[in-house]
Engineer: 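Got a structure for you, questions after.
These numbers come from a predicted model, not from an experiment.
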Amino acid sequence: MPHHALEILLTRPLAADELRHAARIWPLAANHDATRLMALMGAKTPDRAAHRLRRRLKAARLPIDVITTHYPDANGQVLLNVAFSPAAQSVLECATRRRGQTPERFVQVALHRALAEHADQEADRLDKAVRQLLAHTTPAYLLSAVGHALTRLPEGPMP
């Protein structure tokens with residue numbers, strides 16, 4: 001049976017005693033501020049692994065927001081395992097019945113739409129910023145400045 005690397009995103013940092021308690025239930029590795037955990041879970045599929053991990057960690061009463069597969073699949077996608085409140089689950093089920101979709105498909109479409117909208121907004125924001133910069137300099141100077149800035153950036157995105 002294959003093992004799947006799963007990342008657990010928490011709604012708040014864990015206290016040291018909470019992390020110790022959870023690690024007694026299932027081996028976990030925490031990031032520097034205990035807001036994300038990593039675990040390995042054996043299962044036939046990533047979906048089953050995330051479901052099994054959520055069930056196992058229920059006793060630890062962790063503030064789990066989302067469980068994701070750590071590595072993308074062959075299509076570059078990660079699995080999201082989200083537990084909705086009973087009220088949210090009820091609303092989701094009503095919406096999916098009206099649209100004739102499964103809850104998984106409904107959430108997938110909604111996430112794709114939201115990510116596409118965010119990407120469009122970010123592209124528009126950057127386009128506006130570049131046009132504003134070009135109003136005060138030449139394209140050659142701007143390109144040189146961007147290249148210079150990129151060579152001095154630390155790893156990872158800036159806030």
Side-chain angles (χ1 to χ4, degrees), residues 1-126 129 146 148-159:
M1 178 175 342
H3 283 76
H4 302 276
L6 301 171
E7 186 169 0
I8 304 160
L9 291 91
L10 304 170
T11 59
R12 64 169 173 77
L14 291 182
D17 59 325
E18 290 177 302
L19 183 56
R20 272 193 304 278
H21 175 68
R24 277 190 237 124
I25 294 170
W26 195 256
L28 300 168
N31 70 336
H32 70 285
D33 63 357
T35 56
R36 300 170 100 160
L37 307 173
M38 289 294 299
L40 285 176
M41 178 62 69
K44 288 182 181 178
T45 67
D47 188 41
R48 285 185 182 175
H51 183 73
R52 187 174 289 165
L53 180 62
R54 187 177 288 278
R55 274 198 340 257
R56 289 263 168 97
L57 292 177
K58 195 171 194 167
R61 303 186 72 193
L62 296 175
I64 296 174
D65 190 15
V66 178
I67 297 175
T68 70
T69 48
H70 185 65
Y71 299 107
D73 64 13
N75 298 320
Q77 305 218 343
V78 296
L79 172 83
L80 296 179
N81 177 285
V82 181
F84 294 109
S85 68
Q89 185 69 33
S90 177
V91 169
L92 178 63
E93 287 170 0
C94 287
T96 58
R97 274 195 302 273
R98 280 195 304 269
R99 288 194 169 88
Q101 295 176 319
T102 64
E104 292 82 8
R105 180 69 181 146
F106 181 85
V107 170
Q108 182 183 33
V109 169
L111 278 172
H112 279 276
R113 269 194 208 126
L115 290 171
E117 184 178 328
H118 174 73
D120 288 347
Q121 289 171 350
E122 183 67 2
D124 290 345
R125 184 187 69 79
L126 291 172
V146 168
H148 183 71
L150 289 175
T151 61
R152 297 187 302 151
L153 279 181
E155 291 291 321
M158 299 293 279

Engineer: Determine the minimum heavy-atom distance between Ala49 and His4, stating which atoms define it.
Structural biologist: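 Heavy-atom minimum between the residues: CB-CD2, 3.7 Å.
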Engineer: Show the nearest heavy-atom pair for residues Pro13 and Glu18, with the distance to one decimal.
Structural biologist: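 In this case the closest contact between Pro13 and Glu18 is O-OE1, 4.3 Å.
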Engineer: Do Asp47 and Thr45 have a side chain donor and acceptor closer than 3.5 Å?
Structural biologist: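 No donor-acceptor contact under 3.5 Å links the two side chains.
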Engineer: Working to the nearest 0.5 angstrom, can you tell me the gap between Phe106 CZ and Leu111 CG?
Structural biologist: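 Phe106 atom CZ to Leu111 atom CG measures 10.5 Å (nearest 0.5 Å).
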Engineer: What are the two closest non-hydrogen atoms of Gly76 and Pro72, and how far apart are they?
Structural biologist: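 It is C-CB, 3.6 Å.
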Engineer: Distance from Asn81 atom CG to Leu53 atom CG, nearest 0.5 Å?
Structural biologist: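 Answer rounded to 0.5 Å: 8.5 Å.
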Engineer: Which distance, rounded to the nearest 0.5 Å, do you find between the CD1 of Ile67 and the CD of Glu7?
Structural biologist: 11.0 Å
Engineer: Nearest 0.5 Å, what's the OG1-CD distance between Thr69 and Gln77?
Structural biologist: 9.5 Å
Engineer: Is the shortest side-chain heavy-atom distance between Ile64 and Leu57 below 4.5 Å?
Structural biologist: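 They are in contact (side-chain heavy atoms under 4.5 Å apart), so the answer is yes.
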Engineer: Please confirm whether the backbone N or O of Gly42 pairs with a side-chain atom of Arg52, one donor and one acceptor, at under 3.5 Å?
Structural biologist: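 Judged by distance alone, yes, a pair lies under 3.5 Å.
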Engineer: State, with a plain yes or no, whether a side-chain heavy atom of Asp17 is found less than 4.5 Å away from one of His21.
Structural biologist: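 A side-chain contact is absent here, since even the closest heavy-atom pair is not under 4.5 Å.
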Engineer: Does any part of the side chain of Trp26, heavy atoms only, come nearer than 4.5 Å to the side chain of Leu37, both counted from C-beta?
Structural biologist: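 With C-beta onward as the side chain, the pair stays apart.
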Engineer: Closest heavy-atom contact between Leu92 and Pro103?
Structural biologist: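 Heavy-atom minimum between the residues: CD2-CB, 4.0 Å.
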Engineer: Got a second to check how far Arg12's CZ is from Leu62's CG, nearest 0.5 Å?
Structural biologist: 8.5 Å
Engineer: Is it the case that more than 12 heavy atoms not belonging to Arg54 sit under 6.0 Å from its CZ atom?
Structural biologist: yes
Engineer: Give, for atom CG of Leu40 and atom CG of Leu6, the distance between the pair rounded to the nearest 0.5 Å.
Structural biologist: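 With rounding to 0.5 Å, CG (Leu40) is 8.0 Å from CG (Leu6).
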Engineer: Looking at every heavy atom in both Pro63 and Leu14, which two are closest together, and how far apart are they?
Structural biologist: CD-CD2, 3.6 Å
Engineer: Mind listing the closest non-hydrogen atom pair of Met38 and Ala5 along with its distance?
Structural biologist: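 Scanning both residues, the minimum pair turns out to be CE-CB, 4.3 Å.
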